[in-house]
2 protein chains.
Amino acid sequence: MQRIATISDVAHLAGVSIATASKALNGKDQVRAETRQRVLEAAEQLSFRPNPAARSLLGGPTKTVGLLTSDSVGRFGIPVLLGAEDAFGAGEMAVLLCDARGDSIREQHYIRTLLARRVDGIIVVGESTDARPSITRDLGVPVVYAYGPSDDPDDVSFVPDDLEGSRTAIKHLVTLGRRRIAHVTGLATYQAARERAEGAAAALADAGLEPGPVFWGQWSQRWGRQAAAMVLHADPEVDAVFCGSDQIAAGFIEAARERGRRVPEDIAVVGYDNWEVLAAESRPPLTTIDPNLEVLGRTAAQHLFAAIDGRATPGVHRMPVQLVIRDST
Amino acid sequence: MQRIATISDVAHLAGVSIATASKALNGKDQVRAETRQRVLEAAEQLSFRPNPAARSLLGGPTKTVGLLTSDSVGRFGIPVLLGAEDAFGAGEMAVLLCDARGDSIREQHYIRTLLARRVDGIIVVGESTDARPSITRDLGVPVVYAYGPSDDPDDVSFVPDDLEGSRTAIKHLVTLGRRRIAHVTGLATYQAARERAEGAAAALADAGLEPGPVFWGQWSQRWGRQAAAMVLHADPEVDAVFCGSDQIAAGFIEAARERGRRVPEDIAVVGYDNWEVLAAESRPPLTTIDPNLEVLGRTAAQHLFAAIDGRATPGVHRMPVQLVIRDST
DNA sequence: TACATTTCCGAAAACCTTTTCAGTTTTTCG
DNA sequence: CGAAAAACTGAAAAGGTTTTCGGAAATGTA
């Protein structure tokens with residue numbers, strides 16, 4: 001087992017004092033270029049990494065951030081988390097992972113733990129796009145909310161732009177010449193469902209079409225199948241359906257096919273989420289809206305950096321989403 | 001924002017020396033009960049949390065572990081990671097998350113970072129059950145491998161027992177009276193595919209049946225559909241198929257149905273992984289093997305605790321898996 | 001050469017906690 | 001009561017890094 005090199009090992013190898021070594025390594029300008037070079041080489045040779053504990057003892061940054069997920073990291077949390085981890089890794093930050101499992105007691109506990117460890121900032125990853133209680137007040141460290149925004153508009157939040165996403169989906173269908181467009185989505189208790197329906201209605205109005213019916217249900221394949229029956233019965237002439245999730249869309253396609261409708265010839269289907277396993281594997285592969293969650297996570301992380309630097313950017317930021325065109329339209 | 005209390009604040013408030021306060025707080029037995037009480041109250045009042053940085057500087061445990069994933073995008077890593085996080089959280093451990101994205105340079109970098117931060121131990125979460133190079137040598141901290149074992153048998157590794165899982169699947173089919181059992185699975189370059197095929201063959205032999213054909217392909221739904229055609233063509237009398245993954249099984253079921261075979265009446269199907277979205281939503285819902293990944297992760301974490309305590313348990317430990325019976329058999 | 005600047009370097013303090021060791025007080029026992 | 005043992009307390013050091021400040025060396029000026 002190799003002993004981990006300390007700065008005094010480096011200083012000794014370079015033949016300078018500890019103080020000089022520190023200054024050389026941190027880019028202070030009181031060191032001759034040639035001396036600095038020697039120190040840097042010594043550090044390289046010993047693969048020296050400053051001990052963050054010692055550093056933070058001085059009151060400096062700990063180069064550590066907390067990643068607090070409110071619910072056991074679901075399907076949506078993961079990419080956000082990865083994007084954030086990616087950005088932090090590049091910034092020499094270490095990420096402390098805390099999964100509160102939807103338990104607010106546990107969340108409080110984790111927040112205290114994170115503060116005791118003197119994290120420089122916290123990212124809160126939500127489980128849905130519904131607003132969640134702010135934890136920012138009096139915390140003493142910057143907080144950025146990703147996916148699920150804070151209920152305090154002065155906090156910094158990043159959410160996917162579902163309004164724009166659903167507009168894009170509808171516009172795509174209209175461009176293809178579809179005129180009778182239904183919308184099948186999840187529970188209206190979800191902000192995501194409400195916003196997607198709202199965006200869809202707005203886009204239909206823009207196109208001079210009357211808003212089609214909205215079918216609210218579960219976020220499941222089963223509901224997609226049920227809804228197919230309802231939609232086709234309610235309006236046999238329907239030529240397109242915009243689904244609030246890929247799961248719903250996958251169920252819808254399946255049931256529509258069984259009823260003899262060809263996709264996309266008779267009825268075009270657009271999903272939401274771009275959940276690869278469903279969207280790419282369904283038959284035909286699904287046109288869908290990709291919420292770019294990894295980019296969202298990365299962006300949130302970068303803004304946490306900024307906030308740590310004192311350049312916070314309050315507000316709920318809507319991140320662009322993307323239309324992924326496959327064979328279902 | 002209030003200044004964070006230090007132990008000397010506590011000592012001062014309680015009217016004792018710093019040393020006494022420390023001993024009282026850490027349960028050392030050289031403090032009179034009444035003194036201890038006073039200190040504890042003072043700590044409570046100031047909501048004092050010891051600074052882990054200062055603590056770790058002394059060479060004591062940092063109460064921090066590294067969670068190194070080679071590819072956490074993979075859906076297998078996630079539950080393992082959650083289980084581990086769960087166990088650590090309960091043990092007052094903080095988890096440093098590092099995602100090397102399958103890049104060994106990056107992995108080296110992260111390992112150095114973790115060491116510089118003086119983690120007490122590291123869990124390495126693999127992306128597949130194939131053995132991966134050991135990082136344990138000369139590291140100076142205990143390492144436990146979860147899901148993907150180390151290639152060094154002296155390391156501590158935890159993997160799902162695919163051999164037993166596939167035996168269970170076959171036994172289940174045999175119990176149901178099925179006799180002509182095919183096996184459709186992924187690429188033979190995967191240890192998982194090889195072991196599952198091996199276990200299946202062994203179980204068939206145990207039952208006095210001749211091993212059916214094995215179809216190697218991709219881990220995809222598409223391959224499942226293709227394979228259905230091949231299997232049904234090769235042996236029209238086949239009455240069961242054991243698939244190496246739920247994706248394959250889902251594809252198989254779909255294609256079999258299209259060819260007029262009823263599941264499970266004409267042909268029973270068992271999947272592998274218990275990937276909820278596929279297994280529970282397919283029609284009919286899939287009987288499948290659940291590898292219990294979250295338990296595996298938790299167990300690995302607990303054994304890391306043990307290893308940190310000096311009670312390592314070398315070897316590759318095969319963790320039990322579970323048959324989940326649904327409607328496809 | 002003598003002096004004033006400028007440049008560079010190193011000693012030491014500070015950060016917070018734990019632990020050791022020596023000193024002080026209390027208790028026990030003959 | 002006196003001595004020995006036990007119980008308790010506090011000063012100080014250690015751990016790795018950054019920063020401040022004073023001093024030394026090098027350079028420029030008279």
Side-chain angles (χ1 to χ4, degrees), chain A residues 2-40 42-43 46-64 92 94 113 115-120, chain B residues 2-40 42-43 46-64 92 112-120 140:
Chain A
Q2 78 257 8
R3 210 174 67 74
I4 295 165
T6 73
I7 197 173
S8 64
D9 297 329
V10 174
H12 192 253
L13 181 60
V16 298
S17 76
I18 294 177
T20 305
S22 171
K23 276 178 285 201
L25 291 169
N26 293 296
K28 293 289 158 67
D29 59 353
Q30 290 165 313
V31 184
R32 201 165 30 176
E34 179 244 323
T35 308
R36 177 187 312 265
Q37 188 55 33
R38 230 170 48 233
V39 173
L40 289 176
L46 298 171
S47 67
F48 164 76
R49 309 287 307 265
N51 183 334
R55 202 177 234 172
S56 80
L57 209 44
L58 278 303
T62 52
K63 295 281 185 185
T64 308
E92 300 276 276
T113 304
L115 289 181
R117 285 180 186 262
R118 310 294 195 273
V119 293
D120 296 333
Chain B
Q2 77 276 18
R3 210 176 67 77
I4 296 165
T6 75
I7 197 173
S8 66
D9 297 330
V10 174
H12 191 252
L13 180 59
V16 298
S17 76
I18 292 177
T20 304
S22 172
K23 276 178 284 204
L25 291 169
N26 293 298
K28 292 289 158 65
D29 58 354
Q30 291 164 312
V31 182
R32 200 166 33 177
E34 180 245 322
T35 309
R36 179 186 310 270
Q37 187 55 33
R38 227 170 50 232
V39 173
L40 288 177
L46 299 170
S47 67
F48 165 77
R49 306 287 304 266
N51 183 334
R55 202 176 234 169
S56 82
L57 211 44
L58 276 304
T62 53
K63 295 283 187 184
T64 308
E92 299 278 275
R112 285 227 304 277
T113 303
L114 290 174
L115 290 180
R117 286 182 185 261
R118 307 295 194 275
V119 293
D120 296 333

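All chains are named by letter (A, B, ...) in the order of the sequence lines, taking the proteins before the strands, and each is independently numbered beginning at 1. Note: hydrogens, waters and symmetry copies are ignored here, and every other heavy atom, side chains too, is used.
The side chain of B:Arg55 sits closest to C:dT17 out of D:dT9, C:dT17, C:dC16. Checked against D:dG15, D:dG10, C:dT19, the side chain of B:Ser17 finds its nearest nucleotide in D:dG10. Taking only side-chain atoms of B:Pro50, from C-beta outward, the nucleotide of C:dT17, C:dC9, C:dC16 with the closest atom is C:dT17. Of the candidate nucleotides D:dT17, C:dC9, C:dC16, C:dC9 has the atom lying nearest to any side-chain atom of A:Gln30. Of the candidate nucleotides C:dC16, C:dC9, D:dG15, C:dC9 has the atom nearest to the side chain of A:Arg32.
The 5' end of DNA chain D is approached more closely, in terms of each residue's nearest nucleotide, by B:Thr35 than by the other of B:Thr35 and B:Leu57. Remark on DNA chain C: of its neighbouring residues A:Val16 and B:Ser8, the 5'-side contact belongs to A:Val16, judged by nearest-heavy-atom nucleotide.
A:Ser56 contributes atom OG, which lies 11.0 Å from atom CZ of A:Arg117 (distance to the nearest 0.5 angstrom). Interatomic distance, OG of B:Ser22 versus NZ of B:Lys28, reported as 7.0 Å (0.5 Å rounding). Atom-to-atom distance recorded for A:Glu92:CD and A:Arg49:CZ is 5.5 Å, nearest 0.5 angstrom. Between the CZ atom in A:Arg118 and the CG atom in A:Leu57 there is a gap of 9.5 Å [rounded to 0.5 Å]. A:Gln30 contributes atom CD, which lies 10.0 Å from atom CZ of A:Arg36 (distance to the nearest 0.5 angstrom).
Legend: residues meeting side chain to side chain contact (heavy atoms under 4.5 Å, CB included) with B:Leu25, ordered by chain and number and at least two apart, are B:Ile7, B:Val39, B:Leu40, B:Ala43, B:Phe48.
In this entry the distance linking CD1 of A:Ile18 with P of D:dG15 reads 12 Å, nearest Å. In this structure, A:Lys63 atom NZ and D:dG16 atom P are separated by 21 Å, rounded to whole Å. For A:Asn51 and C:dC15, the CG to P distance is 18 Å, given to the nearest whole Å. Remark: C1' of D:dT17 and CG of A:Asp9 are 13 Å apart, rounded to the nearest angstrom. In this structure, A:Arg38 places its CZ atom 11 Å from C1' of C:dC9, rounding to the nearest Å. The interatomic distance linking A:Asp29 (CG) with C:dC8 (P) rounds to 9 Å, in whole Å. For the pair B:Glu34 CD and D:dA7 P, the computed distance is 17 Å after rounding to whole Å. In this structure, A:Arg49 places its CZ atom 15 Å from C1' of D:dG16, rounding to the nearest Å.
Not one N or O on the side chain of B:Arg55 forms a donor-acceptor pair closer than 3.5 Å with the backbone of B:Ala53.
Distances shown here put every side-chain N or O of A:Lys28 at or beyond 4.0 Å from the OP1 or OP2 atom of D:dT18.
Axis deviation across the helix from C:dT1-D:dA30 to C:dG30-D:dC1 amounts to 50°, comparing end segments of five pairs, rounded to 10 degrees.
Between A:Ser47 and B:Arg112 the shortest side-chain heavy-atom distance falls below 4.5 Å. Looking only at side-chain heavy atoms (C-beta outward), B:Ile18 and B:Ser8 come within less than 4.5 Å of each other.
Closest approach of A:Arg38 to A:Gly15, counting heavy atoms only: NH2-O, 4.1 Å.
Residue B:Ser56 is classed as having no contact, given no heavy-atom separation below 4.0 Å to the nucleic acid.
Near DNA chain C, meaning a heavy atom under 4.0 Å from it, residues 19-27 of chain A has A:Ala19, A:Thr20, A:Lys23 in order of number.
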